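Contents: one structure, followed by commentary.
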Amino acid sequence: RSQIYRNDNFLSADEVAYLLQFIDHLGGWGSSDGMDQVELPVEGYIAGARRDPIVARVEDRIANHTGIPVHSHEDILSIFRVSS
């Protein structure tokens, strides 16, 4: 059975700003197939994110919160930018 977790302020404002700048530095955002008003990081995000200490810290926090350990061969932290 799936569980949904909600944790307000899970990311600090500094972490959010860092992640957005990190993606911009890697090449920015691209469109997503089939999802209007949703942008995904461009190619290269996954390789960069796997080496980034802030992304690792966020993934560790998610693992601690959910009890599911980080798996190095699983999907990396997914980030979407949604416009309305």
Side-chain angles (χ1 to χ4, degrees):
R1 183 171 190 176
S2 297
Q3 294 182 352
I4 297 174
Y5 295 91
R6 179 181 171 159
N7 189 331
D8 292 331
N9 301 313
F10 190 76
L11 297 176
S12 70
D14 288 343
E15 288 170 327
V16 171
Y18 174 84
L19 291 170
L20 294 174
Q21 185 177 39
F22 176 74
I23 292 168
D24 285 340
H25 177 73
L26 288 175
W29 300 87
S31 63
S32 62
D33 294 334
M35 292 189 290
D36 293 341
Q37 301 175 333
V38 175
E39 294 175 290
L40 305 171
V42 296
E43 191 75 29
Y45 164 73
I46 293 173
R50 291 214 184 277
R51 297 185 305 270
D52 186 79
I54 303 299
V55 173
R57 184 172 73 197
V58 171
E59 288 203 319
D60 285 341
R61 191 177 311 143
I62 292 168
N64 290 334
H65 189 73
T66 63
I68 302 169
V70 175
H71 298 279
S72 60
H73 301 293
E74 296 289 331
D75 289 341
I76 195 78
L77 178 68
S78 295
I79 299 175
F80 299 81
R81 184 164 69 178
V82 180
S83 59
S84 54

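FYI, side chains are in, hydrogens and waters are out, and symmetry mates aren't considered; it's all heavy atoms of this structure. Keep in mind it's a predicted model, so treat the numbers as computed, not measured.
- Here the straight-line distance linking atom CZ of Arg51 with atom CD1 of Ile76 works out to 10.5 Å at 0.5 Å rounding.
- Hydrophobic cluster membership is shared by Val55 and Ile46, with clusters built from Ile, Leu, Val, Met, Phe, Trp and Tyr side chains linked at under 4.5 angstrom.
- Hydrophobic clustering, with ILVMFWY side chains joined whenever heavy atoms are under 4.5 angstrom apart, groups Val58 together with Leu26.
- Listed by chain and residue number, nothing satisfies the ring-ring contact (aromatic ring centres under 6.0 Å, His included) test with Phe80 (two or more places apart in sequence, or in another chain).
- Atom CD of Glu59 and atom CD1 of Ile62 lie 6.0 Å apart (nearest 0.5 Å).
- Note on residues 61-73: pairs passing salt bridge (Lys or Arg N to Asp or Glu O under 4.0 Å), not counting sequence neighbours, are Glu15-Arg61.
- Screening residues 37-49 for side-chain hydrogen bond (donor to acceptor under 3.5 Å, both in side chains) gives Glu39-Arg81 as the qualifying pairs, with residues at least two apart or on separate chains.
- Counting heavy-atom neighbours within 6.0 Å of His71 NE2, excluding the residue itself, gives a total above 12.
- Summarising the geometry, atom CD1 belonging to Ile54 is positioned 12.0 Å from atom CG belonging to Leu77; distances are rounded to the nearest 0.5 Å.
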Scan the side chains in residues 17-24 for donor-acceptor partners under 3.5 Å anywhere in the protein, sequence neighbours excluded, and list what turns up.
| unit_1 | atom_1 | unit_2 | atom_2 | d |
| --- | --- | --- | --- | --- |
| Tyr18 | OH | Asp52 | OD1 | 2.4 |
| Tyr18 | OH | Asp52 | OD2 | 3.4 |
| Asp24 | OD1 | Trp29 | NE1 | 3.4 |

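- In this structure, CG in Leu11 is found 8.5 Å from CD1 in Ile79, a value given to the nearest 0.5 Å.
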